[in-house]
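Here is the structure we will look at.
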Amino acid sequence: MAASKHPYEKEHDEQLMLLIGQRDQKAFEVLYDRYAKLMYNYFHRMLWKDREKARDFTQELFAKLVQKPHLYDISRPFKTWLYSIAHNMCKNEYAKQEVRKVAHAELKREDSFTALNESQRKMDRSSFMQKLKEALSELDEVKQQTFELRFTQELSIIEISEIMQVSEGTVKSRLFYILKELNQKLKVFEGITTWLIALGITIFN
Amino acid sequence: MNTNHKYDPEDIESLLMHKQYNELFDDEREFVLQHVKNEEEYNSLRSMLFTLHDQPYQEEWLEPDPSIKKELLKEFAAEKKGGFMVWLNSIFILPEIKWYRRPAYQMAFATAVVLIGGIWFFAVRNEKSIDQIASKDVSIGQKDSSNLIQNGNLFAENLSNERIPPAPKTLAVPEVAIEDLPAVQESRAEDVHIDHVVAEGAVAFDDNNAMAAPATENVVSTDVATKAVTSAKPTKKDVVNNTTKMKVDDVKKESEEEKNEVNQFSLADEAIPQTNNSEVIVAADACCAPTTLSNITLTSTNYNFDSTEGFVTSLTINTNSISGHGMKDLLAVLYTAP
């Protein structure tokens with residue numbers, strides 16, 4: 001028999017946040033379980049797939065909830081607020097790692113061209129996936145974050161606009177240009193995407 | 001036609017997601033072609049968009065290290081309570097939360113509880129104070145004393161503050177048959193001092209069942225008061241021996257259930273002697289709880305003195321009963337010491 005859920009499982013994030021403000025540990029646990037995986041993977045992808053960094057950033061993010069729950073603006077959805085913090089943490093990290101990032105991007109670009117040449121020859125699905133990942137990693141940070149929030153975290157345009165503090169139109173525009181950029185970079189795989197759509201949806205799910 | 005006004009330029013994603021190129025209306029197609037070169041690019045972008053939504057690039061989601069949670073919970077336990085501000089933030093917002101979780105309701109409820117509790121507390125405390133008051137020192141203010149004597153010209157001018165002895169809760173009120181009392185030797189009064197007003201004793205009697213004089217001029221001792229309460233019914237002999245002539249003409253009794261009503265008792269007797277060292281003892285018997293004069297508000301006093309006879313012909317004292325305890329018996333005796 002399945003264990004009965006704690007009543008807090010049904011509570012809204014915002015209500016749980018209020019309870020955390022009253023030092024309710026169970027509320028914190030529920031909220032952590034709800035978002036830890038999302039945030040960990042978000043950091044992992046945004047921070048160069050560095051697991052150690054992702055771990056540190058996840059802990060730091062939730063530590064903010066523990067230490068300063070009063071900073072939460074209750075008029076905002078908790079999810080958006082949490083992603084905003086994560087987004088800003090990543091931005092700060094990008095600023096810190098600016099020099100390293102440029103070098104990293106250069107290195108990636110070089111690898112990408114090499115790999116692209118190889119993939120042109122193979123034209124198979126796995127190479128397409130590999131090249132897609134690489135193309136994503138070549139996007140600038142703003143586009144990467146926009147892409148991550150939209151296609152990986154599956155947030156709405158409105159939520160992304162609140163997190164990134166830009167207009168909804170800007171978010172849509174960014175997404176469209178990301179799409180065009182990726183499409184341009186993966187033009188050599190034209191036909192693969194159509195094939196993936198036709199056959200691959202069930203595979204990827 | 002200017003389609004820019006009809007379509008938000010950023011809505012192309014929506015068109016890509018939901019329509020093939022050949023399904024686009026003319027104005028939609030016109031709009032799309034502002035952003036893409038041709039049908040080929042449209043279809044290519046559309047394919048890419050679907051691919052991205054299906055997340056083929058996505059690796060398996062990683063599970064965060066369990067140690068993160070442990071450390072956070074440890075930190076949580078160590079943190080001091082500091083969430084009051086965020087709680088206050090929700091007083092007027094978060095309409096979706098349950099009403100009993102909304103701080104405004106919680107505060108209102110807490111206020112109501114405090115008010116009700118406070119009222120109840122003071123009510124109980126007041127009742128207790130009535131029970132305890134007999135054991136406390138009670139001062140009779142100068143003003144009250146003055147009120148008491150202001151209409152009695154022959155009485156002493158000063159009523160000093162007195163210590164009122166405690167009285168037992170249950171009082172045996174002597175049934176004094178006034179009519180049976182013998183005639184008291186008449187004497188002319190010179191000065192009559194009201195030295196003691198005992199509100200809760202009863203008639204003061206000594207060990208011999210005689211009406212007792214105060215132990216001192218100013219103080220009625222506890223013993224006397226206690227004896228006065230517990231003493232048996234006085235006899236004619238006792239009264240005669242004390243050469244006291246008195247007659248309680250009228251004692252009005254109020255029902256003990258009646259609260260906050262005016263109790264009135266009076267002495268009206270032309271035979272009340274007025275002599276030196278005379279003392280007036282007014283004894284009252286409360287039915288339910290001991291009381292003292294301080295708990296009885298003397299609303300008025302009235303003494304009538306017959307100068308030709310030298311007697312106080314009537315004594316009327318109006319009092320308020322003690323809240324919650326009506327006066328069952330209130331007996332007044334005018335006593336003249338030998």
Side-chain angles (χ1 to χ4, degrees), chain A residues 12 14-15 17-18 20-23 25 28-29 32-33 36-37 39-41 44 51 54-55 58-59 62-63 66-75 125 128-129 132-133 136 147 151-152 168-173 175-176 179-180 182-183 186-187 190 193-194 196-197 200-201 203-205, chain B residues 8-14 16 35-36 40-41 43-94 96-98 101-103:
Chain A
H12 295 293
E14 292 75 20
Q15 182 60 40
M17 198 57 205
L18 288 179
I20 289 171
Q22 296 168 36
R23 313 313 296 167
Q25 183 168 316
F28 176 75
E29 285 188 60
Y32 177 86
D33 292 341
K37 191 174 179 180
M39 302 318 299
Y40 180 77
N41 282 275
H44 181 252
R51 292 198 180 200
R55 182 194 185 286
T58 304
Q59 183 165 343
F62 283 96
V66 173
Q67 295 160 356
K68 299 173 181 176
H70 58 278
L71 293 181
Y72 168 55
D73 178 2
I74 203 150
S75 63
R125 176 178 170 273
F128 171 76
M129 299 307 167
L132 178 57
K133 289 178 191 175
L136 288 173
F147 181 89
F151 294 107
T152 306
E168 292 179 39
T170 303
V171 175
K172 287 179 181 178
S173 182
L175 287 170
F176 179 68
L179 186 64
K180 285 191 81 171
L182 291 175
N183 194 50
L186 299 173
K187 203 170 181 60
E190 200 167 351
T193 51
T194 309
L196 289 172
I197 292 166
I201 292 174
I203 297 171
F204 302 135
N205 290 338
Chain B
D8 185 336
E10 290 80 25
D11 276 349
I12 193 168
E13 183 188 340
S14 176
L16 286 168
H35 299 280
V36 301
E40 185 184 2
E41 188 180 14
N43 287 331
S44 176
L45 288 171
R46 188 161 188 263
S47 299
M48 179 60 72
L49 188 61
F50 276 107
T51 305
L52 295 177
H53 273 293
D54 289 327
Q55 302 183 10
Y57 55 89
Q58 192 56 267
E59 295 169 352
E60 202 170 310
W61 283 67
L62 302 171
E63 287 293 334
D65 189 345
S67 66
I68 299 174
K69 186 175 181 180
K70 282 183 183 174
E71 289 178 25
L72 286 168
L73 291 177
K74 200 174 174 183
E75 187 175 350
F76 192 96
E79 274 293 317
K80 290 180 180 175
K81 193 167 187 174
F84 184 64
M85 292 306 293
V86 73
W87 181 81
L88 277 183
N89 283 344
S90 69
I91 289 179
F92 298 113
I93 48 183
L94 276 187
E96 72 277 9
I97 65 174
K98 294 169 184 172
R101 288 251 171 97
R102 297 178 72 174

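The chains referred to below are lettered A, B, ... by the order of the sequence lines, with proteins before strands, and numbering in each begins at 1. Just so we're clear, the structure is a prediction, and the values are computed from it rather than from any experiment.
Within the 4.5 angstrom heavy-atom criterion, atoms from both the backbone and the side chain of A:F62 approach chain B. Using a 4.5 Å cut-off between heavy atoms, A:K68 makes no contact with chain B at all. The parts of A:L179 that come within reach of chain B are both its backbone and its side chain, each placing non-hydrogen atoms under 4.5 angstrom from that chain.
Ranked by heavy-atom pairs under 4.5 Å with chain A, the first of B:L49, B:D65, B:L73 is B:L73.
For the pair A:T58 (side chain) and A:A54 (backbone), a donor-acceptor distance under 3.5 Å is present.
For A:F28, the ring-ring contact (aromatic ring centres under 6.0 Å, His included) test picks out B:F76, with sequence neighbours left out. Applying the salt bridge (charged side-chain N to carboxylate O under 4.0 Å, His left out) criterion to B:E71, with sequence neighbours excluded, gives A:R55.
Note that CG of B:L72 and CD of A:E29 are 10.5 Å apart. Values are rounded to the nearest 0.5 Å.
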